[in-house]
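The block underneath contains the structure these notes are about, expressed in structure tokens.
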Amino acid sequence: MWTLCPHGKENCHCLSLKLLLLYLSTDNGLQSLQSCPATNPSMLNVHLVPHTHDDVGWLKTVDQYYYGDRNNIQHAGVQYILDSVIDQLQKDPARRFIYVETAFFYRWWRQQSQSTQRIVAQLVNEGRLEFINGGWCMSDEATTHYSAVIDQMTLGLRFLNDTFGECGRPRVAWHIDPFGHAREHASIFAQMGYDGFFFGRLDYQDKARRMKTKEMEMLWRASESLTPPLADLFTGVLPNGYNPPEGFCWDQSCDDAPIRDDPDLEDYNVDEIVQKFLNAAFYKTNHIIMTMGSDFQYENANLWYKNMDKLIKYVNALQAKESKVNVLYSTPSCYPQELNLANLTWPLKTDDFFPYADDAHDFWTGYFTSRPALKLYERLSNSRLQTCNQLEVLGGPKSKSGPFGEGDSDTMSKAMGVAQHHDAVSGTEKQHVAYDYARRLATGWAHCEVLVRNSLAVLSGSEAPRVFCENLNISVCPLTESSHKFSMNVYNPLGRTVSWPVRLPVNGSVYSVTDANGRAVDSQVGNVFISLKCTCYIYDMKSSCLLPLLSVRWFHCLSPHRNINNTSVTFDDTTGLLSSLTNLETDQTIQLTQNFYWYNASAGNNKESRQTSGAYIFRPNSSDPFVINKTAETQIVTVSSTVQEVTQWFSPWVSQVVRLYEGHRELEMEWTVGPVPVADGLGKEVITRLDTDIKSSDYFYTDSNGREVLERRKDYRPTWELKQTEPVAGNYYPINSRAYIKDDKHQLTVVTDRSQGASSIYNGSLEIMLHRRLLYDDFRGVGEPLSEPGEFSDGLVARGRLLLTLSPPDTAADVHKPLAQGMVLQPLLSFQDGTPSANTKLEFSGLQTSLPPAVHLLTLSQWDKDTVLIRLEHQYQAKESKTHSQPVTVNLQKLFSTLEVLGASEMSLGANQWKEDMNRLQWNTEKTSKPLPLSAKDPSPWEVTLNPMEIRTLLLRVRQL
């Protein structure tokens, strides 16, 4: 039993949180670390790590992988792996095994008998079965947003904590398969309390250098804003990816020879195998880690353990003949403890591990954009999940069980957890698996919809039916198109006031729109779509009409000039293309041309003939893309005094709408690409390119998982001297929310609505890959071309938005940070036929007042009956903003309007440890000349101070008001 206290453990009247330690005593929590096997300090210790890598979907769906279904695609059955491993671990107390993917283990655990659960709990308690990483999945690092990563990690870690207590807490992060590694992921893992991070893939040139200099292990300083060692993480590159050494794979799926140790047999091979094993390695200490396992292995664990037992026996027997090699079963948690005891100084890493190439022409930069529709759906689903979590808290118990039935957020949480997998949102799965990921997200939202309806009924006092229009992106909403009188409800999930343009399809020609106070809202019906459907533009602009923070607001639509003074654009009369962008507030103008192009994808039927573009790999045939059209047919439409737009048609399959909204600082570009034609036999990788007169000098900037920004430089890597072999693909980087170029006076920032690939190939240019349709596989395992069929089987149509801002570099973050957060957490619209009843509460705000501009409410979710988990985040980097890159304080007792905060306890970022109990290994590193940021402290027990880029996780004991 743990006690939740506001400040310290002396307040014993606080809420008690019972951990479900059904088979463990509470005084054994540290035994998993104490059970690390003994090593020999005078020898080379080889740590054998038995493991399986179980993709949460890839060639088969999650369900198919778990049950071992459709083995004609790939032989894999996770339930049998866990059955077999648990059986084999019981046969020898020296044996070890690690498991990573909690999504699979959660399902397996629930199907076990109590006797099996007792056995497993004992194995965990003794450190023989160890959970590593611990998230719902092993997330992708290029295409995931940090908020979704934190959520999926929290989901998995909470299950392990509730089930096994302290002994089930992972100590090490383990990302052996993702295709490049993000600095923000390392920062997240450090803040979750991990002692180390191990991965398998890094650029082949970087790996060769590190092996030569024995720098395969390092200290990764994963933030320039957080005071060390808060975001410092010991990081190791595994010597064999995540596979066993060559010749030592003893799974039933492998062909390597078993250890034949009967000397009377002709094919006795002990001496040969032992000698093969005794090779030098590329590490600094007398400890080496060896991964013994691979994809979906250990379905027959006896094969592995029988041969590893022999390997350990015969290698260690040579110690009697003065051999200095000691082989042992171990885990990734035990290994860094031994390294830490060596008290060495480790090289410092401050950038990231993108882009990743495994050969000269094989850059894994295509997946940054693969499956653009799924990437957008995942991002929108994240927004919906946050809204669902918030409304569950604000609406109280009736949210989950109310007038519209039983609802929950758990189904959506699990679906989003699966979607973060490195073969899910990455777009590197088979097509039928991509459909399954989308289906899971849709099912999760169906559960959340019920909860949201219930919560809004509680908050408004109205149980009138409510609908959500899922197809507004294609101008479809049956209620608004059929009703002459309807109400729109807008929920803003951000902790600050926003203005949000709304576009609704309607059939009437004249509508009046009023807000909750009966005031008219500027709107106009415009005939602007090719479908000739009318669109009701509802633009919420006046301060009295802004969407309040964490708020609900009703608008009433009934059928019976101001200047756009922040930004302006010009179009070339001859070409129809953009020609300039002006910020009228700062009196800045740049030349700006924007167009669409496509790279001809390299093609081939086998890898030996030529590396092709595919789901993973981006390899264009030429460094020069083909322009889709040098001119655009344009239609200029002035919809109303609050919004103006120009529609551009570049080809039958590429079009764009450029919009300016009154008072907004950004230019909106809504692009539509597809179906991408391939009848000419050419795969196409479609980009939009912004060409400016900004003197960027080959530098550009991209975000890391939606948080801190990293500097990029064409044909350059900070860590090693790059030999560039792919001038385009080798300069592509992932962007999750924004990218920019700048010089001394101007910064052009692009905010995106999903993860994409981007680069700056030419000075003053920024290009973003929007869509890919390819005709060949890239020979990285998925086994099919990336050619999404779309609704009519003629190719996928993708639509999205880019927001452009022009600012002085020293104030640019003040604009693009809130824009990016607003793109991630979008208002939720719902609709009711007719007008609200007289007793309907038309406005509600969950916060007492708007949060400071630098503060983002990252998490608000129900933890237990009387506890709420919140995360408060400082969203600015140190020195990024003159105004906002300062410590800021939030009073917890003055935060919510419907909740009284009775107690607060700070937790790790993963919410599976009390902050005061976190005790990470400390590492020596090379000195740095950069000044280290300082941290401000909390001024009082109920006040939380956030330093730049800091996230504070708190468990609140609350009472509904």
Next item on the list: Could you check Leu380 against Gln826 for side chain to side chain contact (heavy atoms under 4.5 Å, CB included), going step by step and ending with a plain yes or no?
Entry: CA-CA 8 Å; Leu380 294 175; Gln826 300 183 10; 3.9 Å; yes
Next item on the list: Please assess Ile617 against Thr612 for the test side chain to side chain contact (heavy atoms under 4.5 Å, CB included), listing each intermediate value before the final yes or no.
Entry: CA-CA 7 Å; Ile617 305 294; Thr612 59; over 6 Å; no
Margin query: Could you walk me through whether Gln756 and Leu802 satisfy the side chain to side chain contact (heavy atoms under 4.5 Å, CB included) test, starting with their C-alpha distance in whole Å, then the side-chain angles of each, then the deciding distance to 0.1 Å, before giving a yes or no?
Written below: CA-CA 11 Å; Gln756 295 168 314; Leu802 302 174; 4.1 Å; yes
Next item on the list: Report the C-alpha distance between Ile628 and Trp598 in whole Å, list the side-chain angles of each, state the deciding distance to 0.1 Å, and finish with yes or no for side chain to side chain contact (heavy atoms under 4.5 Å, CB included).
Entry: CA-CA 7 Å; Ile628 290 174; Trp598 59 274; 3.7 Å; yes
Item checked: Trace of the side chain to side chain donor-acceptor pair (under 3.5 Å) decision for Ser755 with Arg379 -> CA-CA 8 Å; Ser755 294; Arg379 184 63 56 85; 3.1 Å; yes
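Contact annotation: the side chain of Leu584 never approaches that of Asn566 to less than 4.5 Å [non-hydrogen atoms, C-beta and beyond]. In this structure, Leu592 and Leu690 have side chains that are in contact, with non-hydrogen atoms separated by less than 4.5 Å. You'll find the side chain of His746 reaches within 4.5 Å of the side chain of Leu806, heavy atoms only. Residues Glu666 and Val751 form no side-chain contact, since every pair of their non-hydrogen atoms from C-beta on lies 4.5 Å or further apart. You'll find the side chain of Gln821 stays beyond 4.5 Å of the side chain of Ser737, heavy atoms only. Taking the side chain as every heavy atom from C-beta outward, Leu774 and Tyr776 never approach each other to under 4.5 Å. The side-chain heavy atoms of Gln724 and Asn731, taken from C-beta on, include a pair separated by under 4.5 Å. Counting heavy atoms from C-beta outward, Leu770 and Trp671 have side chains that approach closer than 4.5 Å.
In the model, Ser765 has no side-chain atom that pairs as donor or acceptor with a side-chain atom of Glu767 under 3.5 Å. Using a 3.5 Å distance cut-off with no hydrogens or angles, the side chains of Thr143 and Arg754 do not pair a donor with an acceptor. Side chains of His664 and Ser499: a donor-acceptor N/O pair is present below 3.5 angstrom, by distance only. Side-chain contact check for Thr570 and Ser580: at least one donor-acceptor pair (N or O, by modelled atom type) lies under 3.5 Å. Between Thr567 and Arg665, the side chains place no donor N or O within less than 3.5 Å of an acceptor N or O (distance only, hydrogens not considered).
Although no hydrogens or angles enter the test, the distance criterion places no donor-acceptor pair under 3.5 Å between the side chain of Asn705 and the main chain of His145. At least one donor-acceptor pair under 3.5 Å links the side chain of Ser622 to the backbone N or O of Asp624. Side-chain N or O atoms of Asp698 include none that pairs as donor or acceptor with a backbone N or O of Arg713 at under 3.5 Å. Using modelled atom types, one side-chain atom of Asp777 and one backbone atom of Phe779 make a donor-acceptor pair closer than 3.5 Å. Gln648 places a side-chain N or O within donor-acceptor distance of the main-chain N or O of Gly576, the cut-off being under 3.5 Å. The backbone N or O of Tyr762 lies less than 3.5 Å from a partner atom in the side chain of Ser760, making a donor-acceptor pair. Of the possible donor and acceptor atoms, none in the side chain of Ser807 sits under 3.5 Å from a partner among the backbone N and O of Gln747. For the pair Thr369 (side chain) and Gly757 (backbone), a donor-acceptor distance under 3.5 Å is present. At least one donor-acceptor pair closer than 3.5 Å links the side chain of Asp572 to the backbone N or O of Thr575.
The two residues Asp794 and Pro675 make their nearest non-hydrogen contact at O-CB, 3.1 Å. What you find for Thr688 and Asn595 is that their closest heavy atoms are OG1-O, 3.1 Å. The minimum heavy-atom distance between Ala615 and Gly427, with the atom names listed, is CB-O, 4.0 Å. Scanning both residues, Ser759 and Ile761, for their nearest heavy atoms gives OG-CD1, 3.3 Å. Closest approach of Leu682 to Lys684, counting heavy atoms only: O-NZ, 3.0 Å. Gln635 approaches Trp649 most closely through the heavy-atom pair OE1-CH2, 3.5 Å.
Judged by the 6.0 Å distance and 45° axis criteria, Arg707 is positioned over the aromatic ring of Tyr146.
A distance of 7.5 Å separates OG of Ser651 from CG of Asn629, quoted to the nearest 0.5 Å. Between the NZ atom of Lys375 and the OG1 atom of Thr144 there is a distance of 10.5 Å, given to the nearest 0.5 Å. Interatomic distance, OG of Ser147 versus CE of Met416, reported as 7.0 Å (0.5 Å rounding). A distance of 7.5 Å separates CG in Asp778 from CH2 in Trp364, rounded to the nearest 0.5 Å. The structure places CZ of Arg799 at 11.5 Å from CG of Leu376, a figure rounded to the nearest 0.5 Å. Once rounded to the nearest 0.5 Å, the distance linking OG1 of Thr672 with CD of Gln656 reads 9.0 Å.
With Met669 as the partner, the side chain to side chain contact (heavy atoms under 4.5 Å, CB included) test is satisfied by one option alone out of Leu803, Val569, Leu578, Val750: Leu578. Each of Tyr599, Phe363, Tyr356 was scored for a ring-ring contact (aromatic ring centres under 6.0 Å, His included) with Phe618, with one residue passing: Tyr599.
Residue pairs meeting the salt bridge (charged side-chain N to carboxylate O under 4.0 Å, His left out) criterion with at least one partner in residues 725-739, sequence neighbours excluded, are Arg619-Glu726.
With a 6.0 Å radius and a threshold of 12 heavy atoms from other residues, nucleotides or ligands, Asp573 has its CG atom at or below the threshold.
Salt bridge annotation for Arg801-Glu670: absent, with no cationic side-chain nitrogen under 4.0 angstrom from a carboxylate oxygen. With respect to Glu378 and Arg371, no salt bridge is recorded, no charged nitrogen being found less than 4.0 Å from a carboxylate O. Salt bridge annotation for Arg712-Asp352: present, with a cationic side-chain nitrogen under 4.0 angstrom from a carboxylate oxygen.
Note: Phe596 and Phe650 have perpendicular aromatic rings, judged against thresholds of 30 and 60 degrees for the angle between ring planes. Between Tyr616 and Phe179, the ring planes lie perpendicular to each other; the angle is over 60°, past the 30° to 60° tilted range.
Between Phe368 and Tyr732, the gap from one ring centroid to the other reaches at least 6.0 Å.
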